[in-house]
**Q** 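The structure that follows is given in the form of C-alpha cells.
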Amino acid sequence: MKKIAFAACVVALAGCSAPQVEWQQDNQVEVSTTTITMKSNLWLNKMPTIGEAQDNTLHGAIYLESDSQLPATLAIESVTVKQGADTLLITSDDLDLRTHNETKWEVAFAWQLEINSEQPVDVAVELKDGEVVKWLVEKDVKVDTVY
C-alpha cells in the first residue's frame, strides 16, 4: 500500500512541477546544426531475488545519436514518462548520462513506479543547449519485462 501511495504522490507532484512537454514533437530534432535521434528502451526487472520483495522499478536506457559530434554545451534537463493520464517527471539529478562516443549518449534511470507493462508509454526528453530548449518524443514505447 505504501508503494502505491508513494507512486501516486510522485505522479501528482510531477504533474504540478513538470515542464510543458511538447508531445507533438517526434524522435528527431536539430540542435546546433546536428540532427539528434532518440531511441528508448524501458523494462521492469521481475528477476526473482532471495529475501527481497519484488518491486516495480522502471528501468530506462534512452539513446541519443547524431550524424556528427553531439554539442558539448548540450544538457539533458529531464525525462518525462506518460502512460494514460499518469505522468512521471525525472529530473537531471536522477538521470545517469553515459557517453559512448562523440555521437552517441545514453540517458539511464531506475525509478520506483506503478506501471502497466501491458500498455505502451510515451517518453519525452528535454534538451537544453545554452538558452534553447528542445524536445525529443517517442510515442508508444513498449515496456519489456525481464525475468
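By convention here, the first residue in the shown sequence is residue 1. This structure is a prediction, so every number in the text was calculated from the model and none was measured.
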**Q** Is the backbone of Q28 close enough, under 3.5 Å, to the side chain of Q25 for a donor and an acceptor to pair up by distance?
**A** yes
**Q** For residues T35 and E30, report the shortest heavy-atom separation together with the two atoms involved.
**A**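 Scanning both residues completely, I find the closest heavy atoms to be OG1-OE1, 4.2 Å.
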**Q** Just so I know, are the side chains of K82 and W23 near enough to count as touching, which here means a heavy-atom distance under 4.5 Å?
**A** yes
**Q** Find the distance between CD (E131) and OG1 (T73) and round it off to the nearest 0.5 Å.
**A** 11.0 Å
**Q** How long is the span from the CG atom in D86 to the CD atom in E114, to the nearest 0.5 Å?
**A** 10.5 Å
**Q** Aromatic rings H100 and Y63: how do their planes relate, parallel, tilted or perpendicular, breaks at 30° and 60°?
**A** tilted
**Q** Using the side chain to side chain contact (heavy atoms under 4.5 Å, CB included) criterion, which residues pair with V133? Sequence neighbours excluded.
**A**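 By the side chain to side chain contact (heavy atoms under 4.5 Å, CB included) rule, V133 matches E126, K128, W135.
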**Q** Please determine whether side-chain contact (heavy atoms from CB on, under 4.5 Å) holds for the pair L42 and L58, giving the CA-CA distance in whole Å, both sets of side-chain angles, and the decisive distance to 0.1 Å.
**A** CA-CA 7 Å; L42 304 174; L58 177 67; 4.1 Å; yes
**Q** For atom CD of Q24, decide whether the heavy atoms of other residues, nucleotides or ligands shown that lie under 6.0 angstrom number more than 12.
**A**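 Counting other residues, nucleotides and ligands, CD of Q24 exceeds 12 neighbours.
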**Q** Among L88, D122, V121, V141, which residue satisfies the side-chain contact (heavy atoms from CB on, under 4.5 Å) criterion with Q83?
**A** V121
**Q** Test V81 against T87 for side-chain contact (heavy atoms from CB on, under 4.5 Å), laying out the working first.
**A** CA-CA 6 Å; V81 179; T87 303; over 6 Å; no
**Q** When rounded to the nearest 0.5 angstrom, what distance separates OG in S66 from CE in M38?
**A**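 Reported to 0.5 Å precision, the distance equals 15.0 Å.
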**Q** To the nearest 0.5 Å, what is the distance between OG1 on T57 and CH2 on W111?
**A**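 T57 atom OG1 to W111 atom CH2 measures 11.0 Å (nearest 0.5 Å).
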**Q** With side-chain contact (heavy atoms from CB on, under 4.5 Å) as the criterion, how do L74 and L127 come out once you've worked through the C-alpha distance, each side chain's angles and the decisive distance to 0.1 Å?
**A** CA-CA 7 Å; L74 187 65; L127 305 174; 3.9 Å; yes
**Q** I need the L44 CG to D144 CG distance, nearest 0.5 Å.
**A**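 Between atom CG of L44 and atom CG of D144 there are 9.0 Å.
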**Q** side-chain hydrogen bond (donor to acceptor under 3.5 Å, both in side chains) between N101 and T103: does it pass, once the steps are laid out?
**A** CA-CA 6 Å; N101 59 44; T103 62; 3.0 Å; yes
**Q** Starting from L95, can I reach W43 by hopping between I/L/V/M/F/W/Y residues whose side chains sit under 4.5 Å apart?
**A** no
**Q** Check for a donor-acceptor pair, side chain of K39 on one end and backbone N or O of N27 on the other, with a separation under 3.5 Å.
**A**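 Checking the backbone N and O of N27 against the side chain of K39, no donor-acceptor pair under 3.5 Å is found.
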**Q** Take atom CD in E22; do more than 12 heavy atoms of anything else shown fall under 6.0 Å from it?
**A**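 Yes, enclosed.
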**Q** Which value, rounded to the nearest 0.5 Å, describes the distance between S40 atom OG and I62 atom CD1?
**A** 4.5 Å
**Q** Is any side-chain heavy atom of V79 closer than 4.5 Å to a side-chain heavy atom of F109?
**A** yes
**Q** Go through the steps to decide whether N45 and H59 satisfy the test side-chain contact (heavy atoms from CB on, under 4.5 Å), and finish with yes or no.
**A** CA-CA 8 Å; N45 185 357; H59 297 267; 3.9 Å; yes
**Q** Would the distance check show the side chain of D129 and the main-chain N or O of V132 forming a donor-acceptor pair, the cut-off being under 3.5 Å?
**A**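 The answer is no, because no donor-acceptor pair under 3.5 Å joins these two groups.
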**Q** Given side chains that start at C-beta, do those of L136 and I36 come closer than 4.5 Å, heavy atoms only?
**A** yes
**Q** Would you say L64 and T37 make side-chain contact, with heavy atoms under 4.5 Å?
**A** no
